[in-house]
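First up is the structure itself, then whatever we jot down about it.
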Amino acid sequence: MNQPIGVFDSGYGGLTVLREIVHTLPQYDYLYLGDNARTPYGTRSFDTVYQYTLECVRHLFDRGCRLVILACNTASAKALRNIQQLDLPTMYPGLDGPDRRVLGVIRPTTEVIGTYSKTGQVGILATRGTVTSESYRVEIEKFFPGLQVFQEACPMWVPLVENGEYASAGADYFVQQHIDRLVAQSPDIDTILLACTHYPLLLDKIRQYVPGLDGPDNTTILTQGSIVAYSLADYLIRHPELEQQISQHGRRTFLTTDSTEDFDRQATVFYGESVRSEHLAL
Ligand code: DGL
């Protein structure tokens, strides 16, 4: 029986997370769904992100997934709680709670972020949706009370990445603009989280504009892929009843709601291996 782990993103960004998950846990089957036809999510309303995400999660469940990872901060910020608290209990009631699970990327990241900072000041770069949800601030306060959080929304970054412009000269303008605005909020920010799964593609440019990267008190730039992968490995150890249901043939399947040709070309860059996707009409 095919029961892969579902991995969802609004587009290509979740592939940067899937890549690390597959590296850490290669034995499982994975089903990736990129909602490229409706990306970006970061500028959309709470209700729209929730409805789009729920639709995609349902599809992944219909295809056999028992566990779905929202490899998208915006969906994790705006849809995860509703799906966990309102939808799963009614859609998939079990004796000890819902028998399907959905996990996000914000919680695993906020559980560890404070361990990277010496100054107690961290910067969050994210979509407008993630920033205005205040999810990072709220979750960080639970694990690292007193850690100061500075946020900057970067609405142009996802379109740059989705359109393959992440290495272009035009991208420099928007990367520098948002880095400058973040560091202007405090000179003591020593940890910067790329809280959008698309942003690792801009890492080379981001590094050019973050001051103090090579100094003695150098700034740490955090991406989420390996953090989420380790957290998932730990989760599966703690939930053997779920882990035993996941099929283990090392299969990777990719779905996109937009053009498969575009997806296959672009996805290779994010995922690090060539990809052949199937079209999904929602
Ligand atoms: N990768 C999504 C995130 O982590 C991008 C959101 C978007 O589509 O705007 O937030």
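Because only heavy atoms are used, hydrogens play no part in the values below, and waters and symmetry mates are left out as well, while side chains stay in. Just follow the structure's listing: the first ligand is 1, and inside any ligand the first atom is 1.
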Write out the residue and atom name of the closest protein heavy atom to [atom], then the distance separating them to 0.1 Å.
atom	result
atom 7 (C) of ligand 1	Tyr41 N, 3.2 Å
atom 5 (C) of ligand 1	His198 ND1, 3.4 Å
atom 9 (O) of ligand 1	Gly42 N, 2.7 Å
atom 6 (C) of ligand 1	Thr74 OG1, 3.4 Å
atom 8 (O) of ligand 1	Ser10 OG, 2.6 Å

inquiry  = So for atom CZ, which belongs to Arg181, do other residues, nucleotides or ligands contribute more than 12 heavy atoms lying within a distance under 6.0 Å?
reply    =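 Check passes, neighbour count above 12.
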Checklist line | Heavy-atom neighbours of Arg58 CZ exceed 12 at 6.0 Å | finding: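 Counting other residues, nucleotides and ligands, CZ of Arg58 stays at 12 neighbours or fewer.
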Q. For Cys72, is the nearest heavy atom under 4.0 Å from an atom of ligand 1?
A.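 Yes; Cys72 lies near enough to ligand 1 that a heavy-atom distance drops under 4.0 Å.
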Is the centre of the [X] ring less than 6.0 Å from the centre of the [Y] ring?
X	Y	value
Trp157	Tyr199	yes
Tyr235	His239	yes
Tyr271	Phe254	yes

Give the numbers and elements of all ligand 1 atoms closer than 4.0 Å to a heavy atom of [X].
X	value
Thr39	8 (O)
Asp9	1 (N), 2 (C)
Thr127	6 (C), 9 (O), 10 (O)

Q. What is the ring orientation for Phe61 with Tyr92, classed by angle as parallel under 30°, tilted 30 to 60°, or perpendicular over 60°?
A.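 Perpendicular: the ring planes of Phe61 and Tyr92 meet at over 60°.
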| Looking at ligand 1, does any of its N/O atoms fall within less than 3.5 Å of an N/O of Thr43? |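 No; the residue has no nitrogen or oxygen that sits under 3.5 Å from a nitrogen or oxygen of the ligand.
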Legend entry - Nearest-0.5 Å distance that lies between atom CZ in Arg101 and atom SG in Cys65: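 Between atom CZ of Arg101 and atom SG of Cys65 there are 14.5 Å.
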(request) Have a look at ligand 1 and work out which part of Asn73, if any, has a heavy atom under 4.0 Å from it: side chain, backbone, both or neither. (result)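 The answer is both.
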Exercise for the section: Report whether Ile179 and Val131 are members of the same hydrophobic cluster (ILVMFWY, side-chain heavy atoms less than 4.5 Å apart, transitive linking). Expected result: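 No.
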